[in-house]
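Note on naming: letters A, B, ... go to the chains in the order of the sequence lines (proteins, then strands), and numbering restarts at 1 for each one.
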Number of protein chains: 4
Amino acid sequence: MNGYLAMPKKRDNGKYFKIIEAATKIFAEKGFYQSRVSDIAREAGVADGTIYIYFDNKDDILISLFEEQMRLVLENMISKISSLDDPAEKLKAFALTHLRLVEENQSMAEIIQVELRQSSKFIKEYKNEQFAKYLEIIAQIIQEGQQKGVFRKDIIPGIAKRAFFGALDEMSRFWVLSSRRDYDIKTAALQISQYFLEGMKA
Amino acid sequence: MNGYLAMPKKRDNGKYFKIIEAATKIFAEKGFYQSRVSDIAREAGVADGTIYIYFDNKDDILISLFEEQMRLVLENMISKISSLDDPAEKLKAFALTHLRLVEENQSMAEIIQVELRQSSKFIKEYKNEQFAKYLEIIAQIIQEGQQKGVFRKDIIPGIAKRAFFGALDEMSRFWVLSSRRDYDIKTAALQISQYFLEGMKA
Amino acid sequence: MNGYLAMPKKRDNGKYFKIIEAATKIFAEKGFYQSRVSDIAREAGVADGTIYIYFDNKDDILISLFEEQMRLVLENMISKISSLDDPAEKLKAFALTHLRLVEENQSMAEIIQVELRQSSKFIKEYKNEQFAKYLEIIAQIIQEGQQKGVFRKDIIPGIAKRAFFGALDEMSRFWVLSSRRDYDIKTAALQISQYFLEGMKA
Amino acid sequence: MNGYLAMPKKRDNGKYFKIIEAATKIFAEKGFYQSRVSDIAREAGVADGTIYIYFDNKDDILISLFEEQMRLVLENMISKISSLDDPAEKLKAFALTHLRLVEENQSMAEIIQVELRQSSKFIKEYKNEQFAKYLEIIAQIIQEGQQKGVFRKDIIPGIAKRAFFGALDEMSRFWVLSSRRDYDIKTAALQISQYFLEGMKA
DNA sequence: TATGAATGAGAATTCATTCAT
DNA sequence: CATGAATGAATTCTCATTCAT
């Protein structure tokens with residue numbers, strides 16, 4: 001059932017995901033460059049060499065981990081959003097869902113924030129399509145709002161999507177990296193959505 | 001005005017800054033971990049060993065580079081803001097100045113965005129102190145606005161400052177990393193300030 | 001008989017001992033500080049990195065080499081001595097065995113004499129424990145002789161053991177370092193034992 | 001008055017000896033290879049480069065230090081011995097003087113013991129003539145004793161000189177390296193001389 | 001498939017020595 | 001003579017990756 005091209009990795013037994021999980025933990029703890037392949041192997045309970053049966057190299061672990069996770073995140077987000085009609089509600093839902101995902105998945109969030117989204121090595125060489133799709137969800141909400149006449153026409157979706165994502169992202173970075181939690185998720189999600197909703201209101 | 005203690009070891013001749021400049025270029029090009037100390041030395045036109053007369057180790061180059069730059073950025077931003085009265089104008093000025101600094105100083109911006117986040121915990125934590133000061137400028141503008149009654153009282157400055165910075169930051173990350181420039185700086189700065197100004201208007 | 005904990009990391013194949021042997025040769029030839037880890041690796045026929053699978057670092061090679069050898073030397077010496085009854089005969093046997101061990105194991109002897117003394121304080125202190133046991137064999141012979149009434153009671157074993165060992169050691173140092181051999185081993189062993197036996201006779 | 005050939009070093013001001021003194025302290029503390037030329041320079045209160053005006057290189061410092069000191073030691077020892085007639089008294093005097101010199105000059109003693117006499121690098125390349133002269137003093141005492149009929153004829157001076165020196169040396173190594181002092185110098189010197197005197201008595 | 005010992009290229013850092021001032 | 005900043009060769013150790021078992 002798995003297409004050859006779309007799923008070139010061996011995933012028969014659980015090892016592929018065991019390694020992904022282990023890498024998620026290790027990368028989040030120490031960062032990509034500080035993490036040793038053998039650390040991941042130990043954490044996953046496999047031999048060093050086994051990693052290279054499932055992944056091409058260390059870079060590939062990071063990218064696979066990211067793709068794997070982003071697929072889930074995108075699915076999750078789309079299902080949450082698509083059941084709603086009102087663009088304003090969609091935006092609020094996006095904010096809340098995003099922050100919740102970060103909270104439920106701290107390690108992954110830290111990796112995406114620190115290692116992957118910002119890593120010049122990867123961001124430059126690796127065409128980050130998953131992330132672009134994620135941003136595009138926001139852009140679509142905004143465009144929909146503009147078509148429905150609830151958001152101002154002069155809002156530039158290409159700017160607003162980044163601004164909105166950046167606002168959420170900075171907030172979650174703070175949480176992820178500082179382990180402090182001054183404001184609860186709902187409050188933060190609401191405040192941020194509010195700034196933008198008011199700011200973009202027609 | 002700079003205290004003796006804060007002063008880097010030696011700056012007699014221009015070597016200290018020549019190395020900082022070289023490192024800025026190299027780090028921006030290849031990333032911190034991909035950069036070799038000898039790359040920096042070659043770029044700076046000094047011997048490898050000379051680096052270690054002016055810096056303790058590779059990490060110290062990154063930290064010094066950051067400190068050197070943040071001093072300028074903070075000074076610059078404060079001088080731009082303090083000449084204005086209206087909190088709304090201050091926020092707009094912050095946005096514009098921030099994006100301009102990024103543009104004028106691409107390599108440095110890239111390093112701060114990309115490298116300082118993936119570096120060792122020590123550096124991350126170190127960075128946060130300087131960075132916190134920068135964020136605090138925004139918080140102060142917001143509080144001032146609330147006191148003057150131009151911003152809503154229910155805005156939480158601790159959230160808003162991050163949201164606003166994150167919006168700008170995401171925008172500039174896009175520029176820095178993608179080398180595309182779909183929107184000009186003024187447009188982006190205005191749009192982003194506008195979202196927030198409208199969103200926070202009393 | 002050897003406890004698990006005292007056992008070097010891995011000895012599956014002969015690599016551990018191949019490296020010890022290679023190091024013995026190289027250290028004896030060039031001295032500890034003049035020897036390169038890669039020299040040892042080449043001599044042992046392994047890759048540089050392989051050394052670090054079996055040893056923690058360069059110092060650890062020297063320590064292991066010494067420990068490995070001292071175990072043999074102590075066992076050897078004790079078995080030679082314990083079969084004898086007369087303290088005078090024991091002392092002669094000690095002298096002869098010591099000089100023979102040195103002769104049969106020139107490289108090792110040179111390392112113990114030369115390198116362990118000039119190495120870091122840690123090694124010096126470490127060495128003393130094993131070495132103390134060796135000296136104690138002499139002290140016991142002397143005490144036994146005093147109890148049996150064949151050695152004078154005013155002999156201080158703590159001084160005599162060092163004097164006797166020092167006499168042998170200086171003799172063997174001469175051999176080891178000079179590669180001259182003016183006197184044969186038996187002659188030297190007998191002369192030296194004689195000085196002391198006469199000197200300590202009751 | 002200083003012959004050109006015998007005294008090629010510049011010693012005008014006190015710098016030459018200041019450096020020798022500093023090196024003596026530093027080498028004794030950390031060992032030759034662990035000592036940095038700049039450590040010596042700092043200790044001597046001169047610039048790094050100044051060292052190279054007075055010495056050819058780091059090795060040369062060690063050798064010069066040794067020669068300088070051995071000259072004094074030899075002079076001292078010869079003057080002490082030559083005033084005595086009885087070979088037995090001479091041997092006792094040698095032992096006492098040797099141990100006193102060690103005690104009065106701990107740093108130097110440690111260097112001679114650890115760094116120079118045992119250092120394969122130097123001992124092999126550097127023809128240690130001063131040390132040979134020192135040993136020869138002992139041999140002469142023994143030969144004199146044999147001629148006077150107080151020492152047995154079958155004593156081999158070439159062996160006995162080393163045995164006697166080795167006995168003293170091991171004793172002093174113990175003092176120098178362990179910083180313990182279980183027996184006072186006179187006791188040790190007397191015991192050791194006694195062993196040999198009795199052992200060599202005709 | 002799975003293993004993990006072995007590999008060896010690679011990189012940060014040190015420090016004896018030089019030489020322009 | 002004296003200085004000490006600059007040099008750059010040299011060396012230990014790491015770690016991603018391979019491959020014989």
Distance in Å, [X] [atom1] paired with [Y] [atom2], rounded so as to fall on 0.5 Å steps:
X: B/T24; Y: B/L62; atom1: OG1; atom2: CG; value: 9.5 Å
X: B/E21; Y: B/M108; atom1: CD; atom2: CE; value: 9.5 Å
X: D/I111; Y: D/N105; atom1: CD1; atom2: CG; value: 9.0 Å

Rounded to the nearest angstrom, tell me the gap between atom [atom1] in [X] and atom [atom2] in [N].
X: D/I19; N: E/dT17; atom1: CD1; atom2: P; result: 14 Å
X: B/I61; N: E/dA12; atom1: CD1; atom2: P; result: 9 Å
X: C/Y52; N: E/dA6; atom1: OH; atom2: P; result: 16 Å
X: D/Y33; N: F/dA10; atom1: OH; atom2: C1'; result: 15 Å
X: D/D56; N: E/dT18; atom1: CG; atom2: C1'; result: 14 Å
X: C/D39; N: F/dT12; atom1: CG; atom2: P; result: 8 Å
X: B/K18; N: F/dA5; atom1: NZ; atom2: P; result: 16 Å
X: D/N57; N: E/dT18; atom1: CG; atom2: C1'; result: 13 Å

More 5' along DNA chain E: A/V46 or B/S35, using each one's nearest nucleotide? A/V46
So which one's nearest nucleotide on DNA chain E is more toward 5', D/V37 or A/I51? A/I51
For E/dA2, take OP1 and OP2 only and decide whether either is under 4.0 Å from a side-chain N or O of A/K15. yes
Is B/Y54 close enough to F/dA6 that one of its side-chain N or O atoms is under 4.0 Å from OP1 or OP2 there? yes
Upstream residue (5' side of DNA chain F) when C/S38 and B/A47 are each assigned their closest nucleotide: B/A47
The answer to which of C/K58 and B/D48 contacts DNA chain F further toward the 5' end, by nearest nucleotide, is B/D48
Does any nucleotide pair with F/dT17 by Watson-Crick or G-U wobble geometry, both distances under 3.5 Å, and what is it? E/dA6
Do D/I20 and D/F55 touch side chain to side chain, with heavy atoms closer than 4.5 Å? yes
Closest listed nucleotide, where the reference is the side chain of B/I53 and the choices are F/dA6, F/dT3, F/dA16: F/dA6
D/R36 has its side chain closest, among E/dT17, F/dG8, E/dA16, to E/dA16
For the residue pair A/Y16 and A/Y54, categorise the inter-ring angle as parallel (less than 30°), tilted (30 to 60°) or perpendicular (more than 60°). tilted
